[in-house]
Amino acid sequence: MLHLEDQACNGLRLWAEHFEKLILMIPEASGPLPPAWVPLERVGPSLERIELLIVPEAWRPDRFLRALPGQKPRIREAIARADYVGFAIGGLWGDWGSYAAWQAHKMKKPFYIWTDRVESAVVRRTLGSLPLRRRVRARVEVPLMAALERALIRRSTLGLFHGRETYDTYAPYASNPQLVHDIHLKRADHIPPEMLAAKIAGAAEGPLKIVYAGRATAMKGAMDWLAVLEGLAARGVDFTATWLGDGPDFAAMQARVAEGPLQGRVALPGFVSDRPTLLTALREADLMLFCHKTPESPRILIEALASGCPIVGYDSPFPADLIDPHGGGKLVTLDDVAGLTEAVTALAQDRTALSDLIAKAAQDGAIFDDEAVFAHRSELIRENLPGPR
């Protein structure tokens, strides 16, 4: 039985609402199921209109080159049959999306590129956290990866770039760049008005409630997050904090909390697959503290805003664009732990400002829901690519 990440299943369901048939190229992997992966049948009745083109997972050069002769004709045949062609890119060896985009170009088939982060920059900024052999290989591959990204985007007819950070990076290379969003937040997931009013009133007193949800990794700034909280403790700020998620740095986070001033103040429950639990945590928190270090567009920031949870963290084009309309957050310079500590301390001491920020966050998040963003992208594809022959 095939499994797919639960949000990807929702995405397929939404794409199928806008197109009569889908051809999905997807690499197949074996081994234990990752958290939040569900049977493909979760897509629902529209799965009958989705054709699967399954290719092998082949992230190593030798595996990719061995798989290529058998997969090339299958990929080209699927491209030839499709009316609209688009590819998600983000890698080098084994990135079937990039390979298929190159084949579409050779076939003179107009195509769009979709991406939600600058993969080459993500790898570059996280080199220090990689094992030695992987680090050496990555130093060689990153320039090639960046060159491939630019080459494919230059040859695309349409660029769909999720979030301002990704858009600003890739727009100069695209003939038709478009800023889009990719979220799986339903309209019913937004904080109800009566709950928002109670949250605004409740922020006036009590410990400051801080939350974050994501993988415990260097790219998410897990250790910076703890450093900010240690700074709050040193200043005598009354707070509680929760990090929902696990990852490579999770054990180190647990040890640091257990051995330092955060003991009893910080909860690390690990990965949470239950969406209602996540939304409850966002709705109950006074703010989301984040320390993202790489050029990506994390959906959790949008989900926080829609939950009336201000985003407070490192500045970059993506969060800055999200809160530009109403100012539902506070941003400081990248890697400025002291500045971020000061920003959170100021909100803990000025509860009127905190309540105002909560209201503004809900306003900034009000425009986002999955139905709207998938309809937007579908419309862009139809408007900018040749239609059915």
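This chain uses plain numbering: 1 for the first residue, then up along the sequence. Just the heavy atoms: all of them, side chains too, but no hydrogens, waters or symmetry mates, feed the values below.
Qualifying side chain to side chain donor-acceptor pair (under 3.5 Å) partners for Q103, counting only residues two or more places apart in sequence or in other chains: R76, Y99. Annotation: ring-ring contact (aromatic ring centres under 6.0 Å, His included) contacts of Y84 (sequence neighbours excluded): F19. In this structure, the side chain to side chain donor-acceptor pair (under 3.5 Å) partners of Y170, at least two apart in sequence or on a different chain, are E149. Annotation: side chain to side chain donor-acceptor pair (under 3.5 Å) contacts of D370 (sequence neighbours excluded): N10, K186. Under the rule for a ring-ring contact (aromatic ring centres under 6.0 Å, His included), the partners of W15 that lie at least two apart in sequence or sit in another chain are F374. Residues passing the side chain to side chain donor-acceptor pair (under 3.5 Å) test with R135, sequence neighbours excluded: none. For K72, the salt bridge (charged side-chain N to carboxylate O under 4.0 Å, His left out) criterion is met by no residue, not counting sequence neighbours.
Taking 4.5 Å as the limit, some side-chain heavy atom of L92 sits within range of a side-chain heavy atom of L148. K293 has its side chain within reach of D335: a pair of non-hydrogen atoms, C-beta onward, lies under 4.5 Å apart. Between M253 and W225, the closest side-chain pair of non-hydrogen atoms falls below 4.5 Å. Residues S273 and P35 fail the side-chain proximity criterion, which asks for heavy atoms closer than 4.5 Å. With contacts defined as side-chain heavy-atom distances shorter than 4.5 Å, the pair C309/I358 does not qualify. Contact of the L340 side chain with the L289 side chain is registered, since non-hydrogen atoms from C-beta on lie closer than 4.5 Å. Side-chain contact between T115 and H162 is absent, with no heavy atoms from C-beta onward closer than 4.5 Å. In this structure, the side chains of R256 and L262 stay at 4.5 Å or more apart for every pair of heavy atoms.
L354 and L305 fall within a single hydrophobic cluster, where Ile, Leu, Val, Met, Phe, Trp and Tyr side chains are chained together by heavy-atom contacts under 4.5 Å. Using a 4.5 Å cut-off between side-chain heavy atoms of Ile, Leu, Val, Met, Phe, Trp and Tyr, with links allowed through other members, M223 and I210 fall into the same hydrophobic cluster. Residues M25 and Y112 are members of separate hydrophobic clusters, defined by side-chain heavy-atom contacts under 4.5 angstrom among Ile, Leu, Val, Met, Phe, Trp and Tyr. Residue I89 is not grouped with residue L158 when hydrophobic side chains (ILVMFWY) are merged at heavy-atom distances under 4.5 angstrom, including chains of intermediate members. Side-chain heavy atoms closer than 4.5 Å link hydrophobic residues (I, L, V, M, F, W, Y) into clusters, and following such links, possibly through other members, connects L14 to V180.
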* Asked: Going through the distances and angles, do L4 and L12 end up as a side chain to side chain contact (heavy atoms under 4.5 Å, CB included)?
  -> CA-CA 10 Å; L4 200 63; L12 289 178; 3.8 Å; yes
* To do: Test W96 against I26 for side chain to side chain contact (heavy atoms under 4.5 Å, CB included), laying out the working first.
  => CA-CA 8 Å; W96 291 108; I26 183 170; over 6 Å; no
* **Residues F111, T157; criterion side chain to side chain contact (heavy atoms under 4.5 Å, CB included); working and verdict** => CA-CA 6 Å; F111 63 92; T157 302; 5.7 Å; no
* To do: Apply salt bridge (Lys or Arg N to Asp or Glu O under 4.0 Å) to E51 and K21, showing your working.
  => CA-CA 8 Å; E51 175 186 336; K21 181 178 179 179; 3.3 Å; yes
* Given the rule in the side chain to side chain contact (heavy atoms under 4.5 Å, CB included) test, do H3 and L40 qualify, once you have shown the distances and angles that lead to the verdict? -> CA-CA 5 Å; H3 288 70; L40 192 60; over 6 Å; no
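Note that R60 lies outside the cation-pi zone of W93, set by a 6.0 Å cut-off to the ring centre and a 45° limit from the axis.
Across all their heavy atoms, G231 and T341 have their closest contact at C-CG2, 3.7 Å. Of all heavy-atom pairs between A213 and L278, the closest is CB-CD1, 3.6 Å. A204 approaches S355 most closely through the heavy-atom pair N-OG, 4.4 Å. Between D189 and H184, the shortest heavy-atom distance links the atoms OD2-O, 4.3 Å. Pairing each heavy atom of V55 with each of R74, the nearest pair is CG1-NH1, 4.2 Å. Listed here is the closest heavy atom pair of S175 and S156: OG-O, 3.3 Å.
With values rounded to the nearest 0.5 angstrom, I23 atom CD1 is found 13.5 Å from R49 atom CZ. Within the model, atoms OG of S30 and CD of E57 stand 8.0 Å from one another, a figure rounded to the nearest 0.5 Å. Note that the CZ atom of F161 and the OG1 atom of T166 stand 9.0 Å from one another [nearest 0.5 Å]. Residue R155 holds its CZ atom at 12.0 Å from CZ of R150, rounded to the nearest 0.5 Å. In this structure, L347 CG and L287 CG are separated by 6.5 Å, a value rounded to the nearest 0.5 Å. In this structure, OG1 in T345 is found 12.5 Å from CG in D350, a value given to the nearest 0.5 Å.
Within 6.0 Å of atom CD in E194, more than 12 heavy atoms from other residues, nucleotides or ligands are found, so the atom counts as buried in its surroundings. R42 CZ: 12 or fewer foreign heavy atoms inside a 6.0 Å radius.
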Check residues 234-243 and write down every donor-acceptor pair under 3.5 Å in which the side-chain atom is one partner and the other belongs to a residue at least two apart or another chain.
from	atom 1	to	atom 2	distance (Å)
R235	NH1	E342	OE1	2.7
R235	NH2	E342	OE1	3.3
W243	NE1	G214	O	2.9

Side-chain donor/acceptor pairs under 3.5 Å, residues 310-332, sequence neighbours excluded:
from	atom 1	to	atom 2	distance (Å)
Y314	OH	D224	OD2	2.6
S316	OG	E165	OE1	2.9

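Screening residues 264-293 for ring-ring contact (aromatic ring centres under 6.0 Å, His included) gives Y212-H292, F290-H292 as the qualifying pairs, with residues at least two apart or on separate chains. Pairs engaging residues 275-284 under the side-chain hydrogen bond (donor to acceptor under 3.5 Å, both in side chains) rule: D274-T277, R275-E303 [sequence neighbours left out].
Between the side chains of S98 and D95, at least one donor-acceptor pair of N or O atoms lies under 3.5 Å.
Through ILVMFWY side-chain contacts below 4.5 Å, V140 is grouped with nothing and stands alone.
A salt bridge links K220 and E296; the closest N-O separation between the charged side-chain nitrogens and carboxylate oxygens is under 4.0 Å. A salt bridge does not link E379 with R377: every distance from a Lys NZ or Arg NE/NH1/NH2 to an Asp or Glu carboxylate oxygen is 4.0 Å or more. Of the charged side-chain nitrogens involved, at least one lies within less than 4.0 Å of a carboxylate oxygen, so that R299 and D182 count as a salt-bridged pair. With respect to D364 and K360, no salt bridge is recorded, no charged nitrogen being found less than 4.0 Å from a carboxylate O.
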